[in-house]
Structures are given as C-alpha cells and as structure tokens.
Protein chains: 2
Amino acid sequence: MASSESILRNHALRLTGSREEILDVFLRESRALSQREIELEMEQACDRVTIYRTLSTFLEKGLLHKVLDDSGVTKFALCSTTCVEHEPHQHDHVHFKCVQCGNTLCVEEVHVHMPILPSGYAVQEMNVLMQGVCPDCGKTRA
Amino acid sequence: MASSESILRNHALRLTGSREEILDVFLRESRALSQREIELEMEQACDRVTIYRTLSTFLEKGLLHKVLDDSGVTKFALCSTTCVEHEPHQHDHVHFKCVQCGNTLCVEEVHVHMPILPSGYAVQEMNVLMQGVCPDCGKTRA
DNA sequence: GTTTATGCAAATTCTTTGCAATACT
DNA sequence: AGTATTGCAAAGAATTTGCATAAAC
C-alpha cells in the first residue's frame, strides 16, 4: 500500500503535516469523504480552510476525484493507480452510497459501459451512483 | 402536456400560486433546476424559503427527483409519468450536464442497465450522470 | 372553521477569499 | 532565500427553522 508520503512525492507536492494526515484519512477510511468528515477523522486537526484548499490541490493534481452525492455536500475519493495513469481520468467504476450509514464506497470491481447518446452529445465523463444498503449495514440487521 | 394544475390535483396537493408557477418553470425549461435557478426563472417571484419547501414537498410526493450535480447545489427534475407510476421510482435514464452552459438535461431515451454488484449490496436506486458538451453548445462552436 | 402554505427574520452549514505569518525545499 | 502552505478573520452562498400571517379547502 502506498504511503501518504510517497503519493505526495509522486505528484510533486510539498510534504506537509496537513497533507499527509488528510491523505492518511483517505487511505485509512477508503471511502468518499467530505471536508467535514475529514475534519472529524483527523487525529491532529488543522483549519477547515486548509482542508478545503488541500482538497482542491489534490483534485487538480489528480490524487482525488469528486464523488457525486445527493446530500448537498461535495465528497472526494482517492484515485486508484490506474486512474492516475490514464488521461482523461477513468472513473467508470460505480460509487455506492449506503442510505443507512451514509458512507459512499468505490466499488472498483464493477464497471459500467458507457451508453451511446443521441448524436450531438460530446461525452467527456460518466459517473454512476448506486444507493441502497451496504454489506456492513445489511449484515447488522439480518 | 400536463398542466401544473392537473399535476397538483393528481398528487392531492393544494393549488397555490407559488406551486403552479414553480411547476410551470419545470414544464417550460425541461431541465434540472436548483432553487436559485427556479427563483430566477419565476415570473412572479416568491420567497426563497417557499421554493425550498415546495421542492421538498414535491420530492416527497413524487413529482420531482433529485439530479446529481458536482457543483455543490442540489438540483431537481420533473418525474415522468412512467416514473410516478412505478414503485420504487425509476430514474434509470441518463442525466447529461453540459460543461459549457451548465444545464442538466434528462436524456429519457437512453437507459442504463443496472450492473450486478458483489453480493451484500442491496441496491435501491441508480443514478447516472454524463458530462460533456450538449448539442446546443456543440452547434454554436462548430 | 380547520388545516396547510407563505413570508420574514434569523440561524446553520458549506465554501471561498485576503492577508500576514509560517513551513518547506 | 524564495516560494508555497497555513491559520485566522471575514465574507458569501446554500439551506433550514420558528413563528405569526394569510390562503386553500
């Protein structure tokens, strides 16, 4: 598993405590996270604004991708290696949001093949969000 | 085409000026709209809060569905007749957001067939957002 | 006449911006 | 040393809540 430090180096980003910790949260949680969620998961908190700015930087540099959510907050998830290596990014995997725990997971194994749109549409990117009950929550209530 | 009045009656909702006008905006624009966009399109404006509350009511009663968007605002679109008649709602059509004009359209003709997730996931709903350049914007720049 | 919807004020939450102080290379 | 990052204060959006008034049935 890649360390936060190596990820930062690979993307030519300065190593700072906040960045490492934010990355660590993503590596540890392996799910889509909002600024607020990151703040709560950080062991040594930094300013809200730093998190927002770090997320923008990471998005720009291709470490993270946005994950759609219908709750009104912006969520991000770590890009996988394959994603980082391709241009443009490949996010054709499915995101699954659990309606019970609220967590959003990247289901890397499942890919959706892009449908053909009527002529005139120039598609650049596709995002799929599935919602329901995740394995963990389903187990608990069984 | 259904009138705002008949739609409200069919859903056992009181007929009020605000509700009719908000519905009219959806019928006229036929695209996904945020509270702000509705406010701007209304001929006779009502309070912001009324729009928010009306959107919640319409969502609850099944007149509208949420449309995913990565801009951080919540958008809604009219449910089609077929959607309203099914339980749970069917929103397996594709939403297309134009990166140039920012409009989000329901591409009703295109359906995505739901992929099989690993066992343990109880899927209730799927949303697909495609992004790129819409026919209108593509035409203009050609 | 009852019930429900609206407007207004105000509070909350999410996100962005400016600038001086600090940390990284 | 020089440049990029951070924190703090503050501003700006988006959204929600409480309560009295007004409108719908």
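Scope of the values below: all heavy atoms of this structure, side chains included, with no hydrogens, waters or symmetry mates.
A:Leu55 has its CG atom 14 Å from the P atom of D:dT5, to the nearest Å. Look at CD on A:Glu60: it is 15 Å from C1' on C:dT16, rounded to the nearest Å. As rounded to whole Å, 15 Å separates atom C1' of D:dT15 from atom CG of A:Asp70. If you take NE2 of B:His11 and P of D:dC25, they are 16 Å apart, rounded to a whole angstrom. Atoms CD (A:Glu39) and P (C:dT15) sit 12 Å apart, rounded to a whole Å. Rounded to a whole Å, the OH atom of A:Tyr52 is 12 Å from the P atom of C:dT13. Distance, B:Arg36 CZ to D:dA13 C1': 10 Å, rounded to whole Å. Distance A:Glu37 CD to C:dT15 P: 11 Å, rounded to the nearest Å.
Of the two residues near DNA chain C, A:Leu13 and B:Thr54, the one whose nearest nucleotide lies more 5' is B:Thr54. Ranked by how close their nearest DNA chain C nucleotide is to the 5' end, A:Leu15 and B:Thr16 are led by B:Thr16.
Taken together through direct or relayed side-chain contacts under 4.5 Å among Ile, Leu, Val, Met, Phe, Trp and Tyr, A:Leu68 and A:Leu33 form parts of separate hydrophobic clusters. Using a 4.5 Å cut-off between side-chain heavy atoms of Ile, Leu, Val, Met, Phe, Trp and Tyr, with links allowed through other members, A:Val94 and A:Met114 fall into the same hydrophobic cluster.
Ring orientation note: the planes of B:His111 and B:His93 are nearly perpendicular, at an angle over 60° on the 30°/60° scale. Note: B:Tyr121 and A:Phe96 have perpendicular aromatic rings, judged against thresholds of 30 and 60 degrees for the angle between ring planes.
Heavy-atom distances under 4.0 Å link DNA chain D to B:Arg48, B:Val49 of residues 40-51 of chain B, given in residue order.
For B:Thr74, whose side chain is taken as the heavy atoms from C-beta onward, the closest listed nucleotide among D:dT5, D:dA14, D:dT15 is D:dT15. The side chain of B:Gln35 lies closest to D:dT15, out of C:dT6, D:dG2, D:dT15.
Contact between A:Val67 and A:Phe76 at its shortest, heavy atoms only, is CG2-C, 4.1 Å.
When side chains are defined from C-beta on, B:Leu55 does not count as touching B:Leu59, because their heavy atoms never get closer than 4.5 Å.
At a threshold of 4.0 angstrom between heavy atoms, the contacts of A:Ser18 are confined to the sugar-phosphate backbone, with no base atom among them. Across all strands, B:Thr57 comes closer than 4.0 Å to no nucleic acid atom at all (heavy-atom distances).
Residue side chain B:Arg53 does not reach the base of C:dT6 through any donor-acceptor N/O pair under 3.5 Å, judged by distance alone.
A sub-4.0 Å separation between OP1 or OP2 of D:dT3 and a side-chain N or O of A:Arg14 is absent.
Formation of a donor-acceptor pair under 3.5 Å by the B:Glu5 side chain with backbone atoms of B:Leu15 is not found in this model.
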